[in-house]
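First comes the structure, then the notes that go with it.
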Amino acid sequence: MNIQALQSLLDGILMGGVYALAALGLSLIFGVLKITNFAHGAMMTVGMYVVYALASGMGISPYLALPAAMVLMFLMGFLIQRFPIHYIEKAPAHNQLLLTLGVAYILENTLLLVFTPNYQTLTVSGFDKALRVGGLTFAPAKLIAFCVVIVVTGCVYFLLYRTHTGNSIRASAQNDTGARLMGINVRNIRAAAFGIGAVCTGIAGGLLTPIMSIYPTLGESFQLKCFVIAVLGGMGNLWGALISGLIIGVIESLSGYYLGGSWSDMLIYGVFILILFVRPTGLFGKVNRREN
Amino acid sequence: MLKITDLHVDIGNLKIIQGISMEVRGGEMVSLMGANGAGKTTLMRAISGLGHITGGRVTFLDQDITHATSEQIVEAGLIQIPEGRQLFPLMTVRENLEIGAHTKRARARMKENLDYVYTLFPELKEMNAQAAGNLSGGQQQMVAIGRGIMADPKLLILDEPSIGLSPIMTQKVLQAVIDIHIRGVSVLIAEQNIRDVLKIAHRAYVLEQGVIRISGSAREMLTNSEIKRMYLGL
Ligand SMILES: Nc1ncnc2c1ncn2[C@@H]1O[C@H](COP(=O)(O)OP(=O)(O)O)[C@@H](O)[C@H]1O
Ligand SMILES: [Mg+2]
């Protein structure tokens, strides 16, 4: 493997981390609510614009804008679940698809109204200088993004597996009746899970703001990518989503290097379809286990 | 303690519970009897806030809980160990127990209650780190009872706790119920082993197609000719 290939492997891992965080949110939402959130890409774009607006409006670093973006994303996710989505939880899957798609269009069009359809670019001072180590180039924005992804993912895991709220979220996902009978407010817990999912995707979006030009419908391509990653990882399987995110990032980057950029999407979806033929529940999905 | 007056509960548009009045007094153990499909589970779920109550009234400790949420009911101290256990299968035994102590009241007494669970079922201590879904039926029932204890009940509702268990396990479960009751918790229990439960209960109600057919003291029930014929196979 030559140095350029190594470089694109590295880039793939760094970007894969960002995808993984967004997909983690989608998988978490599915795990708890059994709903595929087709507004996930649009929520990611909201995260991008929140960071963009805070950073360019107040002249602060986009990374300092992240905590505020987290709070906003959580509230937005909580409210989206609590109001529209709550009412279609028991509806057939196609109704859920339509509703979350509707939410996506509302979010996108709000962004269009506020920010216009024009591309927006956030320039961060100092980011033109890349870090070089032995022939490899580390773009600061990607490097920071990856580090933030690790920290945020760690926090999400801590929250889900080491706190009482996290236990309540997992309990509600595993047995609704059992959770209610222990006094858990399942309504709020579901909304909180959606809020955490929104934070994951919003932060992933915010981390991309210094990396790419943004526009209101940018999230649509990420929607599909998140879906592929979450399904590959086994819907609801959080570790699976993380690993699949890295895999997809690497496939995207290496195929771009070896075959040219136009091949990467084709390869990603090709691999996706192949894997689903062999393992319909995804790489890390459990073989269909009946839940009561 | 628990007082139900002319309760009506629907499932969909079916009228399942059609005007039931009954009560559980403080310190009592009351048995709810009835064939499969009589409506025991529907009634118990409705008491715990998981049913569609269309008429009547439920009060618990003089507080109207007819339309209270399950959270409010659990916070008040009315805890149910449901039919089919309803554990969290991917979570460990310990996590299942800890989730039991969800309410503020229960969390304050978490350590005490956990000690009690381990005294009642010492074997749970060794299974602490196992996923609840991997346990045998009897072990799962112990976790379910443990989780109920962790919720710090004043009144405990048990819906067929020994269903599908071996005779030895069934006795163990009933012993646990007696122990919990002796510690001052009132009990409302639906149980297949009528003979065993009538020996330990104070009173019993017989449910048939959504209404109370017979009620009285457990001793009366044991000698009631209709009960003998229908439920005791004599
Ligand atoms: N989800 C449901 N939909 C329709 N009917 C139901 C449902 N659950 C229970 N029933 C009906 O309600 C009646 C009472 O059921 P249930 O409360 O489970 O009785 P029990 O616990 O005494 O066996 C039965 O006739 C049953 O068929
Ligand atoms: Mg039943």
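Quick note on labels: first sequence line is chain A, next is B, and so on, each numbered from 1. What you are looking at is a predicted structure, and each value in this text was computed from that prediction instead of being measured.
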Exercise for review: Check the pair B:Asp6 / B:Arg57 against salt bridge (charged side-chain N to carboxylate O under 4.0 Å, His left out), numbers first and verdict last.
Suggested key: CA-CA 7 Å; B:Asp6 193 28; B:Arg57 215 169 117 84; over 6 Å; no
Point to revise | Atom group of B:Glu75 that falls short of 4.5 Å from chain A, counting heavy atoms | key: neither
Study note, to complete from the structure: Honestly, the part of B:Ile73 sitting under 4.5 Å from a heavy atom of chain A is neither
**Study point:** Residue selection (most heavy-atom pairs with chain B, distance under 4.5 Å) from A:Thr177, A:Asp176, A:Ile184
**Key:** A:Ile184
Point to revise | Side chain B:Gln140, main chain B:Arg85, donor-acceptor under 3.5 Å | key: no
Exercise for review: Can you tell which part of B:Ala101 gets under 4.5 Å to a heavy atom of chain A, answering side chain, backbone, both or neither?
Suggested key: backbone
Revision key, fill the gap. For B:Ile99 and A:Ser168, the nearest pair of non-hydrogen atoms, with its separation, is CD1-N, 3.7 Å
Review point. Under a 4.5 Å cut-off applied to non-hydrogen side-chain atoms, are B:Phe121 and B:Tyr116 in contact?
Key: no
Study note, to complete from the structure: Smallest heavy-atom separation, A:Gln223 atom then A:His40 atom, equals OE1-N, 3.1 Å
Exercise for review: Go through B:Thr103, B:Ile79, B:Leu87 and name the one with the most non-hydrogen pairs under 4.5 angstrom from chain A.
Suggested key: B:Leu87
Review point. Side chain, backbone, both or neither: which part of B:Leu50 has a heavy atom under 4.5 Å from chain A?
Key: side chain
